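First the structure, in the form of C-alpha cells, and then the observations on it.
Residue numbers run from 1 in the order of the sequence given. Since the structure is predicted, the reported quantities are computational estimates derived from the model, not experimental observations.
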Amino acid sequence: MTTSTDLRPSADSVLDGLDPEQREVATTLDGPVCVLAGAGTGKTRAITHRIAYGVHSGAYVPNRVLAVTFTARAAGEMRTRLRDLGVAGVQARTFHAAALRQLQFFWPQSIGGSLPNLVEHKAPLIADACNRLRIQADRTRVRDLSAEVEWTKVMLVDPDDYVRLAAAAGRGEPGGLDLATVARLVRTYEDVKTDRAVIDFEDVLLLTAGILDERPDVAATVREQYRHFVVDEYQDVSPLQQRLLDLWLGGRQDLCVVGDASQTIYSFAGATPEHLLDFPRRHPDTKVVRLVRDYRSTPEVVGLANSVLSMASGTHAQARLELIAQRPSGPPPTFTAYDDDVAEAAGVAARIAAEVRGGRSAKDIAVLFRTNGQSQALESALADAGVGYVVRGGERFFSRKEVRDAIVLLRGGARSAVPGHDLGAETRAVLSSAGWGEKAPTAGGATREKWESLQALVVLADELAEKRPGAQLSDLVEELLERSQAQHAPTVDGVTLASFHAAKGLEWDVVFLVGVSEGLLPISFAETPDDIEEERRLLYVGMTRAREGIHLSWANSRTPGGRASRKPSRFLDAVRPQGAPTARRGGAVTPAGAKTKRTSGPMLCRVCGASLTAGVDRKLGRCSDCPSSYDEAVFERLREWRSATCKAAEVPAYVVFTDATLVAICEAMPTDTASLAKISGVGPSKLEKYADEVLAVLATD
C-alpha cells in the first residue's frame, strides 16, 4: 500500500531542474547566505527548493523555518510552492503577519490584558491629531501626513529627533507643513492612539521588537521555535524590520537573504538596500550566490534593461547584476514619439487593440506609467477602442475622490455660468477652489496625484473647447458623466493599467511604457543624484516586467496643439535609436530613416564644469556650492518686489518666482524682454505678467 509519505519528493528530486546557481542556493543549508537575484532569474524557485531540500534531507524541521516577504500575495505564492514540494509545515508570512502572531500570543504574559485593537487606516487618527493642533486637514494632507508618520516609525525616528533627521533626509514639507509642525503632529498622533486604545501596523513591529528586547524569556521562546530564516526582497527591508529580524536571530547565523539592489524603488517609504549590500561585511562567513540567468524575458528585453542600468551611478550601481537571457529571441523594442498625451494614449490603445485582434489575450498586456494621473487618457482611449482594462494599485480615474468632488463643483458652476465665457478659463476658476493651480506642486505623494487628476480635467476641458467651439461647463459635465459610464469596462481578461511601483513583482507578455520623458521619468521633483538613480531603477523594473514585447513612448507636449517642449527621458539616451519614429495625430509614422532630434548632452556647471542633475543647479547653470557672480543688493531688491507682488495677489512667493529663478535673473541681468525670456523659470505667462516690473527693478541704481 502506498502512503502519502511515499509520495513526497526525495531530497535529490527537489534539485531536479535547477540551474547550477539555483542548485548552489538550494544545497547551501547553513547560513549566512546572501542571494543576489536579478529580475526573472527564479529566486522564489531557488529559495523554496532550498527550504524543501533542507526539510527532505533532514537538516530542517518544517515548523522551525520562517520565510518572510513583503506582500501577502508573495507569501501566498511561497506557501503554495512549499506545499507542492511537500513541506507545508513551513511558515511563510509577511513581516507584519509574523510579528502580529507573536504579539497576540505574548502580549497577555508580557504586558497583561488584551492586545489593543489594530486600526487598518491611519487617516481618522491623523485627522483627529490635526484637529487637536488646529491644523486644517483635507484628504490630501491627511494622506501625506499618514505616510510621514509611517516613515518616522519604520526609520526608528523619535519625534524629538524628527526635525533634524527629516531635514537631513530631504523630506521637504510633508502635507505642506514645516518640519516642526509635523513633529508636533507625530507626538499628537501617538496621544490620539493612546486615548483610543488602538495600535497601527508599524506598532505591531515596534511592540514585538520591544517585548523581545525587554523579555529574555520571550526572546528565547521565539528563537527556540524558529531556527532558520529566509528573507525575500531583502533590498526593501527598513531599519525597523531589520531590528526585528536581528532580535529573532539573537546573534545566530541561520539566515538566507535574497534581493536585488537594482530593484530598490521604495526608499520614500523607508526601504534601503544598505542591509543587502552590507550583508557580507556584517556576516563575514557569508556565502554569496548570484542568479543572473533570466528565464522571463527575451534577449531583446534583457539587453534593453541591461543597457539602461549600465549607465547607473552611485553605491547601488556597484551591485548591478548583468542578466543573461535564456529565452529565444523576440521582437525588438520600439520607441515612439507622439505629438501629445492624447495622441500617445490613442496610439497605444490602437496597438493594443491590434494585439488583441491578432489573438493575444488582453490580460497578457500591461500599460505602465509613472503617476496615477496619467491613467485617465489611457482609460478613455482603451474604452474608445473597445478594449477592457483593469486599473491596478490605484482607483479608477472617475472613482477618485478628488475627481468626484471636482465634478460636483463643475456641476454647481454650470448652473451659474455666464453663457459665452471661455470653457477652459471657467474650468480653471472652478477647480482652483478644489486645489488646482497653474503650477504643479514640487512635492510628490497625494498632493501631486491630486493635482495630476485635476489637471487632467483641465486638459479635457481644453480639448472639448477645441472640438466644440462655444461649449460650456454644462457640456463638460455631460462629457465627464458619459466618459465615467463608458469606462466601466469588464475586469475579466482586461489590459492592466498600473504605475511602475504597482507593477513590481508582476509580469506580462507585452508591456507598454508610456510617458518616458523628462519631467515624468525622472519625475520633476527628483532632484538629487540619489533621487535620479531611483527613477532609473523604476524604469528598469518596468522594463523587466515584459516577457516578449516592450514598447516605449513619450509625448512631445501635454495637450493637442501645445508647445513641443518635452524631451525623451535621459535614461533612453544610450538605447534609443537615432531614427526613432514619430507618430502623428492621424496615425501616420515618419519613414524609418527619418532623423529625430536627440536630447542634448548633460548640462554642465559654468564655474567648475561638473554635470548638473539637480533641478535648482540646472536652473542656476552652476553647482549650488560654486561661487556666484550676482549682485546681492539686486537680489534683495528682487525679493522685496516679489514679496509685495505675492501679497497683493495672495499667492505663495514661489508662484511668482522661486529663489533659484531670482538668482538666475541676477546673474544674467537681462536688459530686455527677449533676454529675460531665455532664463529658466520665466515662462510666457510670467513674462507677460512681470517682465516690465522685473526689468524696472534691475534698472534701478
Between Arg293 and Glu21, does the salt bridge (Lys or Arg N to Asp or Glu O under 4.0 Å) criterion hold? Intermediate values first, please.
CA-CA 9 Å; Arg293 301 173 195 254; Glu21 293 78 23; 2.6 Å; yes
Distance from [X] atom [atom1] to [Y] atom [atom2], nearest 0.5 Å?
X: Glu150; Y: Leu145; atom1: CD; atom2: CG; result: 13.0 Å
X: Phe70; Y: Ser238; atom1: CZ; atom2: OG; result: 7.0 Å
X: Lys504; Y: Ser499; atom1: NZ; atom2: OG; result: 12.5 Å
X: Ser474; Y: Leu410; atom1: OG; atom2: CG; result: 11.0 Å
X: Leu476; Y: Arg468; atom1: CG; atom2: CZ; result: 9.5 Å
X: Phe369; Y: Leu520; atom1: CZ; atom2: CG; result: 11.5 Å

Show your reasoning for whether salt bridge (Lys or Arg N to Asp or Glu O under 4.0 Å) applies to Asp341 and Arg566.
CA-CA 11 Å; Asp341 287 346; Arg566 283 184 179 165; 2.7 Å; yes
Checking side-chain polar atoms at under 3.5 Å, does [X] have a donor or acceptor matched by the opposite partner on [Y]?
X: Tyr234; Y: Asp260; answer: no
X: Glu233; Y: Thr69; answer: no
X: Ser375; Y: Asn372; answer: no
X: Glu344; Y: Trp554; answer: no
X: Thr264; Y: Glu534; answer: no

Taking the basic N atoms (NZ, or NE/NH1/NH2) and the acidic carboxylate oxygens, is any pair closer than 4.0 Å for [X] and [Y]?
X: Asp364; Y: Arg360; answer: no
X: Arg81; Y: Glu77; answer: yes
X: Asp462; Y: Arg428; answer: yes
X: Glu548; Y: Arg296; answer: no
X: Asp232; Y: Lys43; answer: yes

Taking [X] for the side chain and [Y] for the main chain, is one N or O donor matched with an acceptor at less than 3.5 Å?
X: Thr298; Y: Pro328; answer: no
X: Thr94; Y: Ala97; answer: yes
X: Gln374; Y: Arg370; answer: yes
X: Arg79; Y: Ala92; answer: yes
X: Thr544; Y: Ala39; answer: no
X: Arg545; Y: Val541; answer: yes
X: Glu402; Y: Arg139; answer: no
X: Ser297; Y: Ala546; answer: yes
X: Glu535; Y: Ile523; answer: yes
X: Arg93; Y: Val68; answer: no

Between [X] and [Y], what is the shortest heavy-atom contact and its length?
X: Ala67; Y: Met78; result: CB-SD, 3.5 Å
X: Ala526; Y: Ile532; result: O-CD1, 3.2 Å
X: Asp340; Y: Ala343; result: OD1-N, 2.8 Å
X: Gly542; Y: Phe500; result: CA-CD2, 3.7 Å
X: Arg45; Y: Gly17; result: NH2-O, 3.2 Å
X: Tyr266; Y: His501; result: OH-O, 2.9 Å

Does the side chain to side chain contact (heavy atoms under 4.5 Å, CB included) test come out yes or no for Leu552 and Thr334, once each step is laid out?
CA-CA 6 Å; Leu552 298 94; Thr334 68; over 6 Å; no
Heavy atoms, side chains only, cut-off 4.5 Å: are [X] and [Y] in contact?
X: Ser146; Y: Val142; answer: yes
X: Arg570; Y: Pro522; answer: yes
X: Ile365; Y: Thr496; answer: no
X: Val458; Y: Gln455; answer: yes
X: Val511; Y: His551; answer: no
X: Leu460; Y: Glu479; answer: no
X: Phe95; Y: Val231; answer: yes
X: Leu36; Y: Leu321; answer: yes

Around atom CZ of Arg327, are there more than 12 heavy atoms from other residues, nucleotides or ligands closer than 6.0 Å?
yes
Decide side chain to side chain contact (heavy atoms under 4.5 Å, CB included) for Phe571 and Met311; before the verdict, give the C-alpha distance in whole Å, the side-chain angles of both, and the deciding distance to 0.1 Å.
CA-CA 8 Å; Phe571 303 143; Met311 305 302 292; over 6 Å; no
Show, in sequence, the C-alpha distance, side-chain angles and deciding distance for Leu521 and Ser517, and conclude whether the side chain to side chain contact (heavy atoms under 4.5 Å, CB included) test is met.
CA-CA 6 Å; Leu521 203 69; Ser517 59; over 6 Å; no
For the pair Glu518 and Lys567, evaluate salt bridge (Lys or Arg N to Asp or Glu O under 4.0 Å) and give the outcome as yes or no after the intermediate values.
CA-CA 6 Å; Glu518 291 291 306; Lys567 302 295 183 185; over 6 Å; no
Member of Ser307, Ser310, Pro333 meeting the side chain to side chain contact (heavy atoms under 4.5 Å, CB included) criterion with Val575
Ser307
Check step by step if side chain to side chain contact (heavy atoms under 4.5 Å, CB included) holds for Ile352 and Val367.
CA-CA 9 Å; Ile352 291 174; Val367 185; 3.5 Å; yes
Relative to each other, are the rings of His96 and Phe201 parallel, tilted or perpendicular (30° and 60° limits)?
perpendicular
